[in-house]
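Data first, discussion second: the structure below is written as C-alpha cells.
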Amino acid sequence: MENVVVRFAPSPTGVLHIGSVRTAFFNWLYAKHNGGKFILRVEDTDKMRSTDENTQLIFDVMKWLGLSYDEVFIQSARIERHKEVAQKLVEEGKAYYCYCTQEELEQKKAQALEDGVSYKYDRKCRDGVPENADSADPVIRIKCPLEGATSVNDLVQGEVQVDNGQLDDFVLLRSDGTPTYMLSVVVDDHDMGVTHVVRGDDHLTNTFRQIQIYRACGWDIPVYAHIPLIYGDDGTKLSKRHGAVSAVEYQNLGYLPEALLNYLLRLGWSHGNDEIISVEQAIEWFNFDNVGKSPARFDLNKLNNVNSHYIRNTANDELYLRLESFFEREIDDEHKNIILAGMRSLKERAVTLVDLAEAAILYAYGPTQYTEECIKYHDEEHLTLTGEYLKYISGNENYDEEALLMMARTFAKEHDTKLVEIAQCLRCALVGKLASPSVFEIMQNIGCTAVEKRFNDYRNWDGYSRN
RNA sequence: GUCUCCUUCGUCUAGAGGCCUAGGACACAGCCCUUUCACGGCUGCAACACGGGUUCGACUCCCGUAGGAGACGCCA
C-alpha cells in the first residue's frame, strides 16, 4: 500500500468518547501498519458547542494513550478555504443559494411528519432564485443527482449502495457563512491527501452525501472503512447513562493505557484466539478484514481482567511511577521503599491503579480503621496468642518472611492452635482487614517496631462500640 | 415512517462447505494450591435467531421472516 494517509477527526463538542478512542487507535494502527501518515484534525466548526477544554482533552488523551500523530489541524482555521470551495461550486452550477427561511423549512418538516412521509428538502431554490426571495442571508446547497445510485466499497461493510433519490440537497454553507461538517470534512480530507477514511459506522450514510461533494469537485474519493460502534450493555449506542464513556474517566479510574487499547482492539477485531496483544503485535497484525461488522457491547469485566493482567506484568518501579498520581498522601522515601518491596505481591491483587494505590498506602502506613470482620479476631484469646507470638519472635535476629513464617508455625503447634488464627489476627492489626499479601512479608518489610505499634493500636481498638 | 447495517455461549469472539461431539477468553460455579485475599492449575455451566432452499453434506452459500441497531439537522 503506497502512501497511506489517515486521520482522526474528533469534534470538541463533548469529552472524548471511548468509542472515539477506538476509532483513533484503528486509524493509528492502520497508518503504522502501512508506514503511512496519521493526522489529527480537531473538527471545531460548530463554534457554539466546541470548547477549548474539550480540545485540550483530546490532546491529553492522545498523549496518554501514546497515539502520536504526524500532523495536527484545527479545522476552524481553514474556514476560508471551505467557503472558497462552496463558492466555486455555485459558480460552476453544482451548488446553489437557497433562500428558504428556517421557519419555512420547519413547517415543511412538521408537515412531512404529520403525513407520515420522510422529510427531504424540496429543492425549491434549485432552479433559480424564487420571486419572493427576501432572505438576506441564504445558505448554499449542493445539487445532488436526482437519479441513479451511489455505492461505496467499504473495507469493513463491503459493497453498500443507496439510491440517489434518498439524498437531498444538503447545506454546504450556513446562512452565517460558515461551512457545515459535510463540506469541511471533504475539503480537508482532500486537501490533506487522506487516502483512507476510518470512522464509526454512524457516518456510513453521510458517506453517500460526501461522495456527491467529491464528484462535484472532481476529486478522488478515498477508501472507506466504517467500523461498528461500541454499544452499552443494553445493545444501544454507548452513552453516559451506561456509565463512564469518556477516555479520561478511564484514566482516572486507574486503567492503564495499554490495557484500554488492548481491550478496545479486541472489541470487534480479532486475531485467532489471541487476547493479550501488545501494541507492536497489533501494528503487525492489524487489518480491516478481521474487523467484525456487528457492534460489540462494552464489558467492564473484561476490561478489568485485561487491566489487572497489564498491572501484574508491569515492572515494579515503572508501576510505582504510574501510581504516584493516585496516592492520596505524600510518600516519604522510607515508605516508598516499603511499597516498592511489597509491590510484587500488591500488584497481583489489584484490578486498577486506584485499588493498587490504596492497598499500597495501607501496606506501608497501616490501617486507620478496621473492618467489621476484624472483630472476630479481636477477642482476648486471639490478642493474647498473637501478642505472645510477637514476644516470641522479638528477640530473633532474622526478621524475614520465611523465618517469621517458620516461627509462627512452630509457635502455633506449641500452643495447640492453627497458623491461620495468628495470621488473621496479625492481618487485622497490620492492614485492618482480612485480605492482604502475606502478613509475614508485610512484617519483614515494615520492620519490628512498626509491627508492634500496629498491633498495639489494634489491641486498643474499641471494636465493640463501632456497632 | 424511509434508507442502511447487523444476528455463534450472559459478554467479546474463533469458524472461508466435511477438521464441529462448535474452539478460546471474560464472567459464573466447584475442586486443588494456600496464613487471608489474589495469582496459578483443573473441572463444570453455557451458543450457531427462525423458516425455506442449494448441496452427498451447511454455523459456513442463496432467499425470506423475526428481532436489534444506526442514519435521516443551517450537529459533528
Side-chain angles (χ1 to χ4, degrees), chain A residues 9-14 43-46 48-50 75 98 100 102 105 109 112-113 115-121 137-141 154 156-158 160-163 165-168 170-176 178-182 184-185 200-209 226 228-229 231 233 235-237 263 266-276 290 292-306 308 312 345-351 359 373 405 408-409 412 418-428 431 433-440:
Chain A
S11 81
T13 52
E43 307 222 321
D44 61 340
T45 50
D46 182 356
M48 295 300 287
R49 296 196 300 149
S50 299
Q75 193 164 53
C98 167
C100 298
Q102 296 203 43
L105 297 177
K109 211 174 286 183
L113 193 69
D115 298 347
V117 294
S118 73
Y119 169 78
K120 274 199 320 253
Y121 172 62
D137 26 43
V139 300
I140 291 180
R141 287 180 184 273
D154 192 280
V156 174
Q157 306 289 330
V160 185
Q161 194 179 69
V162 166
D163 283 339
Q166 294 297 324
L167 273 25
D168 67 353
F170 57 92
V171 174
L172 298 178
L173 215 60
R174 301 186 188 102
S175 52
D176 65 359
T178 60
T180 60
Y181 157 78
M182 222 55 90
S184 307
V185 236
D201 73 4
D202 50 341
H203 283 291
L204 186 59
T205 51
N206 285 333
T207 305
F208 298 95
R209 295 189 174 78
H226 286 93
L229 299 176
Y231 285 5
D233 53 14
T236 64
K237 205 172 164 179
Y263 173 70
R266 275 291 287 106
L267 204 57
W269 177 86
S270 60
H271 184 268
N273 282 335
D274 294 309
E275 296 288 344
I276 298 298
N290 294 324
K293 287 168 87 169
S294 58
R297 301 182 189 207
F298 193 85
D299 181 12
L300 199 60
N301 275 327
K302 189 119 180 185
L303 207 214
N304 282 339
N305 177 270
V306 174
S308 64
R312 281 199 300 279
S345 44
L346 282 168
K347 71 183 180 185
E348 204 164 88
R349 292 160 172 76
V351 172
E373 53 196 8
L405 172 61
R409 279 195 209 285
K418 286 185 175 150
L419 178 60
V420 63
E421 304 297 335
I422 299 167
Q424 287 297 64
C425 184
L426 277 170
R427 201 179 311 280
C428 289
V431 297
K433 57 180 185 175
L434 289 185
S436 81
S438 160
V439 289
F440 306 107

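Below, chains carry the letters A, B, ... as their sequence lines are ordered, and counting in each starts from 1.
Remark: side-chain polar atoms of A:Glu373 are paired, donor with acceptor, to backbone N or O of A:Leu434 under 3.5 angstrom.
Here A:Glu275 pairs with A:Arg266, A:Lys302 under the salt bridge (Lys or Arg N to Asp or Glu O under 4.0 Å) rule; sequence neighbours left out. Considering only residues two or more places apart in sequence or on other chains, A:Ser11 meets the side chain to side chain donor-acceptor pair (under 3.5 Å) condition with A:Thr13. In this structure A:Arg297 satisfies the salt bridge (Lys or Arg N to Asp or Glu O under 4.0 Å) test with no other residue, sequence neighbours excluded. Every residue two or more places apart in sequence or in another chain that forms a side chain to side chain donor-acceptor pair (under 3.5 Å) with A:Asp274 is listed here: A:His271. Residues passing the side chain to side chain donor-acceptor pair (under 3.5 Å) test with A:Arg209, sequence neighbours excluded: none. By the side chain to side chain donor-acceptor pair (under 3.5 Å) test, A:Ser438 pairs with A:Glu401, sequence neighbours left out. In terms of the salt bridge (Lys or Arg N to Asp or Glu O under 4.0 Å) criterion, A:Asp154 has no residue partners (sequence neighbours excluded).
No contact: A:Asn304 has no heavy atom under 4.0 Å from any strand. At the heavy-atom level, A:Pro437 lies under 4.0 Å from base atoms of the strands shown. At the heavy-atom level, A:Thr236 lies under 4.0 Å from the strands shown only through sugar-phosphate atoms. In this structure, A:Leu434 reaches the bases: a heavy-atom distance under 4.0 Å links it to at least one base atom across the strands shown. Within 4.0 Å (heavy atoms only), A:Gln166 reaches sugar-phosphate atoms of the nucleic acid but no base atom. Residue A:Val420 is in sugar-phosphate contact alone, with no base atom involved, counting any heavy-atom pair closer than 4.0 Å across all strands shown. Using a 4.0 Å heavy-atom cutoff across all strands shown, A:Val160 reaches sugar-phosphate atoms only and no base atom. Residue contacts for A:His203: at a heavy-atom cut-off of 4.0 Å it reaches a base atom on one of the strands shown.
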Each nucleotide in nucleotides 39-49 of chain B should get exactly one letter: B, S or -. Can you fill that in based on protein heavy atoms under 4.0 Å? SS---------

Protein heavy-atom contacts under 4.0 Å, written 5' to 3' over nucleotides 12-21 of chain B as B (base), S (sugar-phosphate only) or - (none), form the string BSS-------

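If you measure from atom NZ of A:Lys109 to atom C1' of B:U2, you get 15 Å, rounded to the nearest angstrom. Taking atom CG of A:Asn206 as the reference point, atom P of B:G73 lies 10 Å away to the nearest angstrom. Between A:Lys237 atom NZ and B:U4 atom P the separation is 20 Å, expressed in whole Å. To the nearest angstrom, P of B:U35 lies 13 Å from CD of A:Glu421.
A residue-by-residue look at A:Leu303 and A:Asp202 shows that A:Leu303 has its nearest nucleotide of RNA chain B further toward the 5' end. Residue whose closest nucleotide on RNA chain B sits further toward the 5' end, between A:Phe208 and A:Thr45: A:Phe208.
Residue A:Leu204 has its side chain nearest to B:U4 when only B:A38, B:C74, B:U4 are considered.
Looking at A:Thr205, its side chain has no donor and acceptor atom pair within 3.5 Å of the base of B:U4.
Taking the centre of each ring, A:Tyr181 and A:His203 come in below the 6.0 Å mark.
For the pair A:Asp233/A:Phe298, no side-chain contact is recorded, criterion being any heavy-atom separation below 4.5 Å from C-beta on.
Shown here, B:G64 forms a base pair with B:C50; the pair counts as Watson-Crick or G-U wobble because both key distances fall under 3.5 Å.
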